[in-house]
Participant: 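Right, I'll just put the structure down here and ask away after.
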Amino acid sequence: MKKVAVIMGSDSDLPVVEKAITTLKEYEVPVEVHVYSAHRTPEQAREFAINARKNGFGAIICAAGKAAHLAGAFAANTTLPVIGIPVKSSTLDGLDALLSTVQMPAGIPVATVAIDGAANAALIAIEILSVTDDTLADRLQAARAKATATVLEKDSAVAAKYNS
Ligand code: RP5
């Protein structure tokens with residue numbers, strides 16, 4: 001199975017990013033986690049991105065806050081799918097990171113999730129791998145069925161309480 005890289009701009013992003021890591025592990029997807037910054041360690045970030053495909057990765061998740069260029073810098077250096085997590089780590093509540101991550105020029109895409117949307121970033125990566133992996137596709141389907149059952153249980157409880 002292809003690996004998923006989870007890159008964060010700072011270890012201060014870890015509390016948000018952890019949800020992506022645990023989700024990938026729940027699905028038994030091989031994960032490699034690093035702290036690389038587009039600004040503070042640009043050489044290491046570029047090196048990782050350039051070699052990611054030949055090193056067995058199928059998708060790269062990049063989480064960063066403030067003037068968040070990490071996902072864009074990775075996308076510039078690989079044709080693997082890059083998923084960006086804008087992290088709420090500033091006085092602008094993550095809107096700065098959201099706009100920095102999502103507003104990519106045509107030709108260099110970054111699939112951007114919600115501010116702090118680490119779980120969905122992992123799920124998109126898993127969905128990408130599931131195109132060629134039926135086991136992952138089955139696990140995704142089972143999780144959707146479980147989520148549906150949970151909501152329907154809640155519906156029953158609320159309906160029983162209020163509906164006459
Ligand atoms: C960004 O700046 C990081 O992704 C982090 O969200 C933010 C603050 O980093 P630290 O100053 O806490 O290392 O590059």
Side-chain angles (χ1 to χ4, degrees), residues 1-133 136 139-140 143-144 147 150:
M1 190 190 297
K2 296 279 186 193
K3 297 182 283 183
V4 173
V6 179
I7 316 293
M8 66 204 91
S10 167
D11 63 349
S12 65
D13 299 321
L14 196 50
V16 169
V17 175
E18 226 152 19
K19 187 67 197 169
I21 300 167
T22 55
T23 302
L24 288 160
K25 285 184 181 289
E26 273 165 27
Y27 279 81
E28 297 176 38
V29 170
V31 188
E32 200 173 309
V33 183
H34 292 283
V35 178
Y36 292 139
S37 163
H39 307 123
R40 293 164 173 160
T41 62
E43 304 302 335
Q44 289 80 358
R46 182 173 177 276
E47 192 69 16
F48 188 96
I50 284 172
N51 294 310
R53 189 183 289 275
K54 81 165 189 299
N55 285 338
F57 292 93
I60 301 174
I61 295 172
C62 291
K66 297 187 174 173
H69 297 121
L70 186 63
F74 265 75
N77 286 303
T78 181
T79 52
L80 288 173
V82 174
I83 302 152
I85 308 173
V87 176
K88 180 177 166 177
S89 64
S90 78
T91 48
L92 295 180
D93 278 346
L95 186 58
D96 44 359
L98 172 63
L99 298 179
S100 301
T101 305
V102 78
Q103 290 285 48
M104 290 298 292
I108 313 292
V110 168
T112 306
V113 297
I115 296 168
D116 289 354
N120 272 356
L123 289 170
I124 290 172
I126 295 162
E127 287 175 355
I128 289 166
L129 299 194
S130 79
V131 171
T132 54
D133 189 314
L136 285 182
R139 287 180 193 151
L140 285 165
R144 289 283 177 99
T150 302

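None of these values were measured; they are calculated from a predicted model. Just so you know, ligand 1 is whichever comes first in the structure, and atom 1 is the first atom listed for that ligand.
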Participant: In the structure I gave you, are the side-chain heavy atoms of Leu98 and Leu95 within less than 4.5 Å of one another anywhere?
Facilitator: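 Heavy-atom side-chain distance check passes, below 4.5 Å.
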Participant: Check ligand 1 against Ala64 and write out every atom of the ligand that is under 4.0 Å from a heavy-atom position of the residue.
Facilitator: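 Near Ala64, meaning under 4.0 Å from one of its heavy atoms, ligand 1 has 4 (O).
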Participant: Quick one: which ligand 1 atoms are inside 4.0 Å of a heavy atom on Ser89?
Facilitator: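 Close to Ser89: 5 (C), 6 (O), 7 (C).
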Participant: Are any of the side-chain heavy atoms of Met1 and Leu136 separated by less than 4.5 Å?
Facilitator: yes
Participant: Can you find an N/O atom of His39 closer than 3.5 Å to an N/O atom of ligand 1?
Facilitator: no
Participant: Answer side chain, backbone, both or neither: which part of Ser12 comes under 4.0 Å from ligand 1, heavy atoms only.
Facilitator: side chain
Participant: Does any N or O of ligand 1 fall below 3.5 Å from an N or O anywhere on Arg40, backbone included?
Facilitator: yes
Participant: Flag yes if more than 12 heavy atoms outside Gln44 fall under 6.0 Å of its CD atom; otherwise flag no.
Facilitator: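 Yes - once you tally the heavy atoms of other residues, nucleotides and ligands closer than 6.0 Å, there are more than 12.
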Participant: Any heavy-atom pair between the side chains of Val102 and Val110 that's under 4.5 Å?
Facilitator: no
Participant: When the ring planes of His39 and His69 are compared, do they come out parallel, tilted or perpendicular, using 30° and 60° as the limits?
Facilitator: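 The rings of His39 and His69 stand perpendicular, inter-plane angle above 60°.
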Participant: Looking only at non-hydrogen atoms, which of Ala63, Pro86, Ser10, Ala67 approaches atom 10 (P) of ligand 1 most closely?
Facilitator: Ser10
Participant: Counting only nitrogen or oxygen atoms and a 3.5 angstrom limit, does Asp13 reach ligand 1?
Facilitator: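 N/O-N/O distance under 3.5 Å: yes.
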Participant: Quick one: look up the protein heavy atom nearest atom 1 (C) of ligand 1 and list residue, atom name and how far away it is.
Facilitator: Gly65 O, 3.5 Å
Participant: Does Met8 come within less than 4.0 Å of ligand 1, judged by its heavy atoms?
Facilitator: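 It does not; every heavy atom stays at 4.0 Å or beyond.
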Participant: Is there a donor-acceptor contact under 3.5 Å linking the side chains of Thr78 and Arg53?
Facilitator: no
Participant: May I ask you to test the Val33-Val17 pair for a side-chain heavy-atom distance under 4.5 Å?
Facilitator: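 Val33 does not reach Val17 side chain to side chain.
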